[in-house]
Amino acid sequence: MGKAIVIASGKGGTGKTMFAANIGATLARQGHKVVLIDLDTGLRNLDLYLGLENNVVYDVNDVLTGVCRIKQALVKDKSFPGLSFMAASPQKPNGEITPLHIKVLCTKLKEKFDYVIIDAPAGIDDGMVIASGGVDMGIIVVNPEYASLRNAEMVKKTLEEQGVSKIAYVVNKINLELIESGRAPSFEEVTKSIREKIVGIIKEDENIHISTNLGIPIVVMSETYIAKSFDAMAERIKKMF
């Protein structure tokens, strides 16, 4: 039986979707069967980050409302054998979709995939609650900013209220120049309350922005330091189960 992981953040712009795309691609590159589900309804950028926007016919809402079967909504990523994708609906949920629907979907997908990775909406509203239905683990993406850290604490509490006990953090967009000049919180300030649960740290790098704009996960370049960093993060995540 596979594992379901929700990728969350307290605010927009943390790099949550970038992380979801690249950790999914990394796990697939390591030989696992992975499905990425975009539940960031409305914004729905995961297809763009994977370069699969022209391959989408059905979305997750079509599956959950019985319009199509699960298999029909899965898009295979040819760049990463073993990686599949399910797109978000362009419309926000109207109350038809509940956490129970996501739990049932995850249960079915975990029978065929090693990892089900859900890109949740930022914040702690109903969208995030729905996205965390039935998951085995939550990963909160934070930035080295006081607001991001405060918001992450609220996300943690919300996940715990949904019964998610395994919670880890990724610190993204670390800018050493800003930290050293005192214009950003020190690394100690960022990590003091979450140190034992950090599975990865990602430096600010323009190549990440370029890769997302091109629709190519940066880990496709397997020999780069970023790809090796994602490999290490994937290993830490797997050890948490």
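Source: prediction; values computed, not measured.
Of the inter-residue distances, the one linking I37 atom CD1 with I5 atom CD1 reads 12.0 Å to the nearest 0.5 angstrom. Here the NZ-CG distance, from K108 to L105, works out to 8.0 Å after rounding to the nearest 0.5 Å. Separating the CG atom in D38 from the CG atom in L50 is a distance of 9.0 Å, to the nearest 0.5 Å. Note: L83 CG to K78 NZ = 13.5 Å, rounded to the nearest 0.5 Å. Remark: L36 CG to D47 CG distance equals 11.5 Å, nearest 0.5 Å. Within the model, atoms OG1 of T212 and CG of N45 stand 9.5 Å from one another, a figure rounded to the nearest 0.5 Å.
Among residues two or more places apart in sequence or in another chain, the ring-ring contact (aromatic ring centres under 6.0 Å, His included) test is passed with H101 by none. Residues passing the salt bridge (Lys or Arg N to Asp or Glu O under 4.0 Å) test with R29 are D231, sequence neighbours excluded. Judged as a salt bridge (Lys or Arg N to Asp or Glu O under 4.0 Å), and not counting sequence neighbours, the contacts of K110 are D136. Under the salt bridge (Lys or Arg N to Asp or Glu O under 4.0 Å) criterion, K238 pairs with E235, sequence neighbours left out. Residues satisfying the salt bridge (Lys or Arg N to Asp or Glu O under 4.0 Å) criterion with E145, sequence neighbours excluded, are K11. Residues that satisfy the ring-ring contact (aromatic ring centres under 6.0 Å, His included) test with F85, not counting sequence neighbours, are absent from this structure. Looking at residues two or more places apart in sequence or on another chain, you find a ring-ring contact (aromatic ring centres under 6.0 Å, His included) between Y115 and H32. For Y49, the ring-ring contact (aromatic ring centres under 6.0 Å, His included) criterion is met by no residue, not counting sequence neighbours.
Remark: side-chain polar atoms of R236 are paired, donor with acceptor, to backbone N or O of V199 under 3.5 angstrom.
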- Item | Stepwise side chain to side chain contact (heavy atoms under 4.5 Å, CB included) test for I118 and C106 | CA-CA 9 Å; I118 298 172; C106 286; 3.7 Å; yes
- Message: Test side chain to side chain contact (heavy atoms under 4.5 Å, CB included) on V34 and D114; report intermediate values, then the result.
- Response: CA-CA 6 Å; V34 182; D114 299 313; 5.8 Å; no
- Query: Going through the checks in order, is the side chain to side chain contact (heavy atoms under 4.5 Å, CB included) test met by T41 and I130?
  - Reply: CA-CA 11 Å; T41 307; I130 291 170; over 6 Å; no
- Working for side chain to side chain contact (heavy atoms under 4.5 Å, CB included), residues V6 and L159: CA-CA 9 Å; V6 64; L159 287 172; 4.0 Å; yes
Please tabulate, for the side chains in residues 214-227, all donor-acceptor contacts under 3.5 angstrom to protein atoms that are two or more places apart in sequence or on a different chain.
from	atom 1	to	atom 2	distance (Å)
T224	OG1	M221	O	2.9
T224	OG1	A227	N	3.2
Y225	OH	D205	OD2	2.7

Donor-acceptor pairs under 3.5 angstrom involving side-chain atoms of residues 65-72: please list them, not counting sequence neighbours.
from	atom 1	to	atom 2	distance (Å)
T65	OG1	N61	O	2.6
Q72	OE1	R69	N	2.8

Considering only distance and modelled atom types, tabulate donor-acceptor pairs under 3.5 Å from the side chains of residues 148-156, sequence neighbours left out.
from	atom 1	to	atom 2	distance (Å)
S148	OG	N143	N	2.9
N151	ND2	A147	O	3.2
K156	NZ	E160	OE2	2.8

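Hydrophobic clustering places L48 together with I210 (ILVMFWY residues linked when any side-chain heavy atoms are closer than 4.5 Å, directly or through intermediates). By the criterion of side-chain heavy atoms lying less than 4.5 angstrom apart, applied directly or through intervening Ile, Leu, Val, Met, Phe, Trp or Tyr residues, L27 is grouped together with F230 in one hydrophobic cluster. Under the 4.5 Å side-chain heavy-atom criterion for grouping Ile, Leu, Val, Met, Phe, Trp and Tyr, I7 is connected to M137 within one hydrophobic cluster. L100 and V60 fall into different hydrophobic clusters, where Ile, Leu, Val, Met, Phe, Trp and Tyr residues are linked whenever their side-chain heavy atoms come under 4.5 Å apart, directly or through other members. Both L39 and V116 belong to a single network of hydrophobic side chains, linked directly or stepwise wherever heavy atoms of I, L, V, M, F, W or Y lie under 4.5 Å apart.
Here the shortest heavy-atom pairing between A88 and D59 reads O-CB, 3.6 Å. The two residues A21 and L46 have their closest heavy-atom pair at CB-CD1, 3.8 Å. Here the closest heavy-atom approach between residue I124 and residue V129 is recorded as O-CG2, 4.5 Å. Of all non-hydrogen atoms in A87 and V56, the two that sit nearest each other are CB-CG1, 3.6 Å. The minimum heavy-atom distance between A131 and I102, with the atom names listed, is O-CG2, 4.0 Å. S132 and V164 make their closest contact through O-CG2, 4.3 Å (heavy atoms, listed as atom of the first residue, atom of the second, distance).
A salt bridge links D40 and K16; the closest N-O separation between the charged side-chain nitrogens and carboxylate oxygens is under 4.0 Å.
Using a 4.5 Å cut-off on side-chain heavy atoms (C-beta onward), R44 and E53 make no contact. For the pair I208 and N22, the minimum side-chain heavy-atom distance is 4.5 Å or more.
The stretch residues 164-174 participates, sequence neighbours left out, in no side-chain hydrogen bond (donor to acceptor under 3.5 Å, both in side chains) pair at all.
Within 6.0 Å of CG on D126 lie no more than 12 heavy atoms contributed by other residues, nucleotides or ligands.
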